[in-house]
There are 2 protein chains.
Amino acid sequence: MPELIPLSYVETIAKAGSIRKAADTLAITSTALNRRVLALEDEFGVPIFERLPRGVRLTTAGELLVQHIRSQRSDVAKLQSQIADLKGERRGHVSIACSQALLPYFLPAEIAAYRKQHTAVTFGVYLRDRAAAEQALADFSADVALVFEPVRLSNVQVLATFPQTVYAVMRAGHPLARRGVIRLGDVSQYPVGLPTSPYGVRQLIDHALVRSSARLDVAIESDNFQFLRRYPAEDDLITFQIPIGLPGQDGMDGMVVRPVDARDIPQGLLYLCQLKNRTLPVAAAKFAVQLERSLVEQLGEFE
Amino acid sequence: MPELIPLSYVETIAKAGSIRKAADTLAITSTALNRRVLALEDEFGVPIFERLPRGVRLTTAGELLVQHIRSQRSDVAKLQSQIADLKGERRGHVSIACSQALLPYFLPAEIAAYRKQHTAVTFGVYLRDRAAAEQALADFSADVALVFEPVRLSNVQVLATFPQTVYAVMRAGHPLARRGVIRLGDVSQYPVGLPTSPYGVRQLIDHALVRSSARLDVAIESDNFQFLRRYPAEDDLITFQIPIGLPGQDGMDGMVVRPVDARDIPQGLLYLCQLKNRTLPVAAAKFAVQLERSLVEQLGEFE
DNA sequence: CTTACTGCTGCATTCAATGCATCGCTTTGC
DNA sequence: GCAAAGCGATGCATTGAATGCAGCAGTAAG
């Protein structure tokens, strides 16, 4: 699909930082590339690149142009996926930006289920924090984002939200394991492990602690959910997770999870999003629908 | 802006119905054009055109492609208008599809006011009935549509709605002219002139008549609002208009308008629309904002 | 059966895009 | 300070991909 995305060399130059370097990676001479840039600037009547002593940098107009090119690329992908769809091939590619909690169980199962039906569809799964996920949507490097408690949601269209109760994770023999629902006051008697502050679960807990008289003994802090989920097996410590990041009934080898009372820590929301005003390629749209269905079912299981 | 819209020849061929005719209008040989088509079909792996004995016709894939090309053209226009905007030129073009009522007074005044500020912006104003206006949005031949009581509104995004009371139009000496508000029962004593059935005003009146005991003596029927507005000057006949299609206090030379009681004929809605999920070019977006403001003011005047 | 119109293809041509060499400029390193 | 290195821009020769020409095969209309 060569000339379906013209001007894509502009992106290469912007990334490389100089015309000569970009010409190298494009395997053409700098002359040719330079000429294309000049011709393009002539057409628009505006400089696309700012000439610096050590290379070039996009002007404001150039940034608009790059945005346009990316949007166009995504449109072409959509078109190709539509055409492939009516060829009966069900091809395509889906890029997903998501929070950590989705990676260990939920997305692998979902993607495997989807690919079982549509084997020609390929996937890209990228761990992005809440801000980076929105950025990924904006520059078309992701089709959909699945994030817990996102930040601002500007330029983002919410396809669906799913409430997520915070669960306490502990070893099976832990005293609190006998209770059905955990109160925050109970937990304050034990050391806890928390995610670092950028994460949604931590935000919810921090907010809860402000309003509450309880204080937590934070013995462990980590930015890795996998670590936080496994650690209580070795210690009396309690950590917190949302259900989407937990394995099913089996596979909890020696550990148990108990919901935290919603009066203490309110439910957070898991957001399924896409870029505002964008029509997704067929594959991505269908996958989003499947995600929505599965998440609604998943919800029922844990309630 | 030549090669910013590649593939645009596909549209030309589709419209011409044959490669050779299209080649004529494009001022190139049929050979070259044919080659491009073959190359394109090779890239997509799907025939774009169906070969008929007397020419070609778009396949399903081809129709998708044409839709994509139109969308792309509109995107490029948006980009250029954005770039022109930051050049301080405020250039651009706005295409408007609208009902008859907007043409005599409202749009001329609005466009003139806009062009006073942005002289480099050009306009296209096209009379389209309610169904055709939506079609015009869909194929990107119009940026915004202003229609009274539209039909289905699929694939259309409503930017704003404005209630429009139906007004009775009569000569100044008419007996009913002494009343402040007209009841449908009063009108039934006189002959009336109505727009033909596709128009929103007629729809409202027809609906009103079904529910009401009153019957109207339809002496004149026309699809031209200009005619219906002027005719009562020569006759005791009464016609109906919405305020947006009427001149201000002056310029009614010998005629008066009186609102029809909303209990008899409910208010209709004037819709300001754009294509769903489309980002308008700067000029069109700004003009839409101006329209919205003016219409809100206009509303105050007549209430 | 002829005529006219269609899309398609082999071969020669041409012109726009490319490559080469070089200039003018700024920053970097000694 | 002065040479070196890296950058974008430009004049000139070259090349190859897109074009044009002529002719093919097929179908519908008269």
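Because only heavy atoms are used, hydrogens play no part in the values below, and waters and symmetry mates are left out as well, while side chains stay in. A note on names: the letters A, B, ... follow the listed sequences, proteins ahead of strands, and every chain is numbered from 1.
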Open item on the list: On DNA chain C, compare the nucleotides closest to B/Arg51 and A/Arg20; which residue's is nearer the 5' end?
Closed with: B/Arg51

Open item on the list: Could you tell me how far apart B/Ile28 (CD1) and C/dA16 (C1') are, to the nearest whole angstrom?
Closed with: 16 Å

Open item on the list: If the cut-off is 4.0 Å, is A/Thr29 near the phosphate of C/dT18, judged by side-chain N/O to OP1 or OP2?
Closed with: no

Task: Atom-to-atom span, CZ of B/Arg36 to P of C/dC8 - whole angstrom - done: 15 Å

TODO: Record whether the side chain of A/Arg57 comes under 3.5 Å of the base of D/dG8 through a donor-acceptor pair of N or O atoms.
DONE: no

TODO: Could you state the atom-to-atom distance from CG of A/Leu52 to P of D/dA9 in whole Å?
DONE: 11 Å

TODO: Send over the distance from A/Ile19 CD1 to C/dT26 C1', rounded to a whole Å.
DONE: 16 Å

Task: Test: A/Arg91 and A/Asp85 ion pair at under 4.0 Å - done: no

Open item on the list: Given 3.5 Å as the limit, does a donor-acceptor pair link the side chain of B/Ser30 with the main chain of B/Ile19, or not?
Closed with: no

Task: Whole angstrom value for the distance that separates P of C/dT6 from CD1 of B/Ile13 - done: 13 Å

Task: B/Lys116 with B/Glu110: basic N within carboxylate O range, under 4.0 Å - done: no

TODO: Take atom CG of A/Leu38 and atom P of D/dA9, then tell me their distance rounded to the nearest Å.
DONE: 5 Å

- [ ] Give one of base, sugar-phosphate or nothing for B/Val56, where a contact means two heavy atoms less than 4.0 Å apart.
- [x] sugar-phosphate

Open item on the list: Using OP1 and OP2 only, check whether a side-chain N or O of A/Asn34 sits under 4.0 Å from D/dG8.
Closed with: no

Open item on the list: Looking at B/Arg73 and B/Glu11, is any side-chain nitrogen of the basic one under 4.0 Å from a carboxylate oxygen of the acidic one?
Closed with: yes

- [ ] Rounded off to whole Å, could you give me the NZ-to-P distance for the A/Lys21 and D/dC7 pair?
- [x] 5 Å

- [ ] Rounded off to whole Å, could you give me the OH-to-C1' distance for the B/Tyr9 and D/dT19 pair?
- [x] 14 Å

TODO: Could you tell me whether A/Glu63 and A/Arg70 have a side-chain N and a carboxylate O separated by less than 4.0 Å?
DONE: no

TODO: Please state whether the base of C/dC20 and the side chain of A/Thr31 form at least one donor-acceptor pair under 3.5 Å?
DONE: yes

Open item on the list: With a 3.5 Å cut-off and heavy atoms only, can you find an N or O donor on one side and an acceptor on the other between the side chain of B/Arg54 and the base of D/dG26?
Closed with: no

